[in-house]
Amino acid sequence: MTEPHLSNHHRGIKSFVLRSGRLTSGQKKALELYGQQYILTYTPDKPYNPLVFGEDRQDLPTVLEIGSGMGQATAAMAKMLPEWNFIACEVHLPGVGSLIRQLVDHSLINVRIVVLDALEFLKMIADEQLLAIHIFFPDPWPKKRHHKRRLIQANSLDEMVRVLKPSGYLHCATDWADYAEHILLNLQEHSQLKNQSMGADGFCPKPGYRVETKFERRGKTLGHTVYDIIFSKIRLGHIPDELP
């Protein structure tokens with residue numbers, strides 16, 4: 001499987017860092033045997049259609065996972081929430097192969113994969129189609145001069161908010177304090193988003209659906225703090241009391 005074509009006309013913003021990685025034999029086999037079953041192909045003239053999950057699932061809540069990495073969290077959530085659909089957006093092929101292996105091993109039918117820059121894919125989704133967007137541990141780009149490389153920016157947020165259903169939500173998690181502040185500031189400035197935090201610092205407790213991966217546990221042993229940031233979309237004239 002070749003690397004996807006990834007255009008970049010978002011003023012320097014991408015949802016990923018394209019890095020090389022060696023496919024294990026298991027990942028390669030998963031891609032070859034099951035790639036067509038799980039990976040969706042999209043072009044601007046072929047927009048996202050909820051029917052990709054089947055007629056019996058087209059009206060179920062759907063979550064976009066931007067940057068699903070090696071797939072542990074996505075597969076665990078899909079197993080925990082069988083009545084939700086998950087779209088995993090990931091361009092790192094070893095991660096895609098790893099996720100497919102887990103989907104096959106657990107016979108999960110509620111996940112589809114898009115090997116495409118998430119900002120490109122968002123443009124192919126009609127208004128108010130998604131219950132939620134999850135961005136767990138995005139590449140931090142910690143230096144000040146890298147601010148345009150960070151995914152959470154005003155123009156990318158407009159696209160995310162557009163595809164969320166009324167009272168849908170956006171959930172980010174990061175273990176970089178500087179990036180957490182950057183995300184929090186940008187979300188607070190968006191007129192259609194409301195922070196779900198009850199604390200003075202603006203961060204939320206980790207919800208049960210965001211499972212703790214081995215990478216997160218390893219980071220915590222090194223003293224890293226994980227920041228959960230959850231904002232809901234404001235229905236015109238209405239501020240929701242709680243998440244769906």
Side-chain angles (χ1 to χ4, degrees), residues 10-11 13-15 48 50 59-68 73-74 77-78 80-81 83-89 118-119 121-141 147-212 216 225-244:
H10 298 282
R11 299 182 184 178
I13 301 174
K14 289 183 179 179
S15 67
Y48 165 73
D59 295 322
L60 295 180
T62 300
V63 178
L64 174 62
E65 300 276 317
I66 296 182
S68 55
T74 301
M77 283 187 292
M80 183 191 311
L81 300 165
E83 296 306 311
W84 287 21
N85 296 326
F86 292 86
I87 305 172
C89 201
L119 297 182
F121 181 60
L122 282 169
K123 292 181 178 296
M124 302 174 195
I125 303 176
D127 294 356
E128 300 184 353
Q129 292 288 300
L130 304 179
L131 167 69
I133 297 175
H134 294 165
I135 310 173
F136 296 157
F137 303 99
D139 295 290
W141 297 101
H147 68 95
K148 287 186 178 180
R149 309 301 297 161
R150 296 178 175 185
L151 175 58
I152 303 299
Q153 302 282 350
N155 55 348
S156 57
L157 276 177
D158 286 341
E159 283 296 304
M160 295 182 198
V161 171
R162 178 185 64 79
V163 302
L164 287 176
K165 292 179 178 290
S167 302
Y169 69 94
L170 175 62
H171 180 184
C172 303
T174 180
D175 56 353
W176 288 75
D178 181 56
Y179 199 15
E181 293 292 342
H182 168 91
I183 293 171
L184 191 61
L185 177 62
N186 278 273
L187 294 181
Q188 286 174 337
E189 290 181 345
H190 200 285
S191 61
Q192 284 187 267
L193 292 173
K194 178 175 175 58
N195 198 345
Q196 292 296 304
S197 172
M198 301 298 291
D201 61 1
F203 301 115
C204 294
K206 183 181 81 67
Y209 62 77
R210 186 179 74 72
V211 298
E212 186 178 82
E216 182 176 350
T225 298
V226 176
Y227 304 90
D228 282 275
I229 306 161
I230 305 174
F231 277 67
S232 59
K233 182 176 179 178
I234 300 173
R235 191 193 305 267
L236 293 178
H238 170 70
I239 298 176
D241 295 325
E242 58 186 16
L243 295 179

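These values consider heavy atoms only, across backbone and side chains, with no hydrogens, waters or symmetry-generated copies.
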Minimum side-chain heavy-atom gap [X]-[Y] below 4.5 Å:
{"X": "Glu83", "Y": "Pro61", "result": "no"}
{"X": "Leu164", "Y": "Gln192", "result": "no"}
{"X": "Ile133", "Y": "Glu159", "result": "no"}

Fill in: Pair Lys206-Val226, side-chain contact (heavy atoms from CB on, under 4.5 Å): steps then yes or no
CA-CA 9 Å; Lys206 183 181 81 67; Val226 176; over 6 Å; no
### Contacts of type side-chain hydrogen bond (donor to acceptor under 3.5 Å, both in side chains), residue His171, not counting sequence neighbours
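Tyr209, Asp228.
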Open item on the list: Applying side-chain hydrogen bond (donor to acceptor under 3.5 Å, both in side chains), can you list everything that pairs with Glu212, at least two apart in sequence or on another chain?
Closed with: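 Lys220.
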Least distance between heavy atoms, [X] atom then [Y] atom:
{"X": "Gln153", "Y": "Asn186", "answer": "CA-OD1, 4.2 Å"}
{"X": "Ala118", "Y": "Cys89", "answer": "CA-SG, 3.6 Å"}
{"X": "Ile87", "Y": "Tyr48", "answer": "CD1-CE1, 3.6 Å"}
{"X": "Leu151", "Y": "Tyr179", "answer": "N-OH, 3.3 Å"}
{"X": "Ile125", "Y": "Arg162", "answer": "O-NH1, 2.8 Å"}
{"X": "Ser191", "Y": "Ile234", "answer": "O-CD1, 4.0 Å"}

| request: May I ask you to decide if Val161's main-chain N or O and Lys233's side chain share a donor-acceptor pair within less than 3.5 Å? | output: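 Yes; at least one donor-acceptor contact below 3.5 Å.
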Ser232 side-chain N/O to Ile230 backbone N/O, donor-acceptor pair under 3.5 Å: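 Judged by distance alone, no pair lies under 3.5 Å.
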Separation of [Y] [atom2] from [X] [atom1] (nearest 0.5 Å):
{"X": "Leu157", "Y": "Leu187", "atom1": "CG", "atom2": "CG", "value": "5.5 Å"}
{"X": "Leu185", "Y": "His190", "atom1": "CG", "atom2": "NE2", "value": "13.5 Å"}
{"X": "Met77", "Y": "Phe136", "atom1": "CE", "atom2": "CZ", "value": "4.5 Å"}
{"X": "Ile66", "Y": "Ser156", "atom1": "CD1", "atom2": "OG", "value": "8.5 Å"}
{"X": "Ile152", "Y": "Thr174", "atom1": "CD1", "atom2": "OG1", "value": "10.5 Å"}
{"X": "Phe231", "Y": "Cys172", "atom1": "CZ", "atom2": "SG", "value": "9.0 Å"}

Can you sort out the partners of [X] under salt bridge (charged side-chain N to carboxylate O under 4.0 Å, His left out), two or more places apart, ordered by chain and number?
{"X": "Glu181", "answer": "none"}
{"X": "Asp175", "answer": "none"}
{"X": "Asp201", "answer": "none"}

Taking only Lys NZ, Arg NE, NH1 and NH2, and the carboxylate oxygens of Asp or Glu, determine whether Arg210 and Glu216 approach each other closer than 4.0 Å.
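Result for this pair is yes, salt bridge flagged.
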Q: Sort out for me which residue in Thr62, Leu64, Leu131 forms a side chain to side chain contact (heavy atoms under 4.5 Å, CB included) with Asn85.
A: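 Per the side chain to side chain contact (heavy atoms under 4.5 Å, CB included) rule, the option paired with Asn85 is Thr62, out of Thr62, Leu64, Leu131.
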Only counting residues at least two apart or in another chain, list the ones meeting side chain to side chain contact (heavy atoms under 4.5 Å, CB included) with Ala132.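 For Ala132 the side chain to side chain contact (heavy atoms under 4.5 Å, CB included) partners, ignoring immediate neighbours, are Val63, His134, Tyr169.
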